[in-house]
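Note sheet for the following structure.
Remember, it's a predicted structure, so these values are computed and weren't measured experimentally. The sequence lines fix the lettering, A, B, ..., with proteins before strands; numbering per chain opens at 1. These values consider heavy atoms only, across backbone and side chains, with no hydrogens, waters or symmetry-generated copies.
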Amino acid sequence: MPELPEVNTFQRYFDETSLKQKIVIVKVQDDKIIRNVSGDEFIDLLTGRTFTGSYRRGKYLFGILDNGHHLLLHFGMTGDLVYYSEVEDQPRHERFAFHFENGYILGFDCPRKFARISYIENLENYIEEKKLGEDAQRITEDYFLEKMKSKKGSIKGFLLNQSILAGMGNLYADEVCYQTRIHPESVSNKIPKKKKQELFQKMQEILQYAIDRSVNYKDYPENYLFQWRVDGTIAPDKKSKVESATIAGRTTYFSKGWQKKYT
DNA sequence: TGTGATGTTGAATG
DNA sequence: GCATTCAACATCAC
């Protein structure tokens with residue numbers, strides 16, 4: 001269930017379990033999610049290798065290999081990592097797995113197969129090709145304001161655009177809009193500067209809050225919109241009702257009475 | 001039984 | 001070139 005904070009949690013998990021051990025066996029149960037090489041090539045490329053570190057940018061997690069290459073783990077909607085040693089702990093929808101020297105296994109679970117795995121020889125080139133923006137937590141306020149100036153689409157679409165800033169997903173974008181009282185359909189370059197700054201600050205705050213606690217959406221405080229993503233419920237501000245609409249192609253929850261639309 | 005779900009991408013359209 | 005919309009990807013849960 002990964003947006004930036006969740007992928008950050010995956011990174012921690014990956015770092016704690018899978019670094020500095022040789023991969024002795026690679027198993028591929030379903031190579032559909034492996035994008036740029038075949039299942040057999042994947043096995044050849046990774047057998048005998050060791051992960052020395054990781055790098056996360058938005059929702060993209062790159063495992064750093066001991067030959068300087070990278071393995072991209074993108075979790076899609078339902079990707080998950082499971083480190084286990086007993087066969088019965090193997091996740092139900094494991095698509096591939098690394099067996100380490102110590103007998104433990106890192107399995108990549110993914111029911112919906114929306115994940116994307118790529119073997120990358122040159123990370124800079126890959127990021128360039130994909131036009132992957134800088135991580136949402138590493139951009140500056142100036143950059144954020146500057147980018148918004150020229151954008152005529154909805155603020156929701158802006159926040160979701162991974163080539164401008166990487167890491168915001170559907171739920172977090174709604175949350176940031178809600179907390180800054182900006183209607184998600186607002187036109188990006190029509191939002192007053194002060195509100196834009198607020199948007200930037202809130203985004204940082206919400207992401208950091210989630211990262212600090214490795215939280216799930218459900219663990220958020222009640223005044224967050226997260227657990228109120230139901231039409232017609234009373235919004236956390238207690239006065240307005242939550243409604244939904246499709247904005248920027250995604251189901252978006254907001255509260256008309258609470259959030260102002262700048263057009 | 002039908003519907004929609006945390007994400008990305010490519011095609012089609014304006 | 002840009003922005004937007006839609007369908008597709010595959011499975012599960014309600």
When the distance from [atom1] of [X] to [atom2] of [N] is rounded to whole Å, what number comes out?
| X | N | atom1 | atom2 | result |
| --- | --- | --- | --- | --- |
| A:Met168 | B:dT8 | CE | P | 12 Å |
| A:Lys32 | B:dG7 | NZ | P | 21 Å |
| A:Lys131 | C:dA3 | NZ | P | 13 Å |
| A:Phe10 | B:dT6 | CZ | C1' | 10 Å |
| A:Asp30 | C:dC9 | CG | C1' | 12 Å |
| A:Tyr172 | B:dA5 | OH | P | 18 Å |
| A:Gln162 | B:dG7 | CD | P | 8 Å |
| A:Ile33 | C:dA8 | CD1 | P | 22 Å |

Under the salt bridge (charged side-chain N to carboxylate O under 4.0 Å, His left out) criterion, do A:Glu185 and A:Lys261 qualify, and how do the steps go? CA-CA 7 Å; A:Glu185 222 169 5; A:Lys261 196 193 282 193; 3.1 Å; yes
Between [X] and [N], does any side-chain N or O lie under 4.0 Å from OP1 or OP2?
| X | N | value |
| --- | --- | --- |
| A:Arg250 | B:dT6 | yes |
| A:Lys151 | C:dC2 | no |
| A:Lys59 | B:dG7 | yes |

Are A:Phe114 and B:dG7 stacked, counting the six-membered base ring, centres under 5.5 Å, planes under 30°? yes
Touch check for A:Ser154, heavy atoms < 4.0 angstrom, all strands: base, sugar-phosphate only, or nothing?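 If one applies the 4.0 Å heavy-atom cut-off, A:Ser154 turns out to touch the sugar-phosphate alone, with no base involved.
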Please work out if A:Arg35 contacts a base, only the sugar-phosphate, or nothing of the nucleic acid, heavy-atom cut-off 4.0 Å.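 If one applies the 4.0 Å heavy-atom cut-off, A:Arg35 turns out to touch nothing in the nucleic acid.
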Could you let me know what B:dT6 is paired to, Watson-Crick or G-U wobble, both distances under 3.5 Å, or none if it's on its own?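 Here B:dT6 is not engaged in any pair, so there is no nucleotide opposite it.
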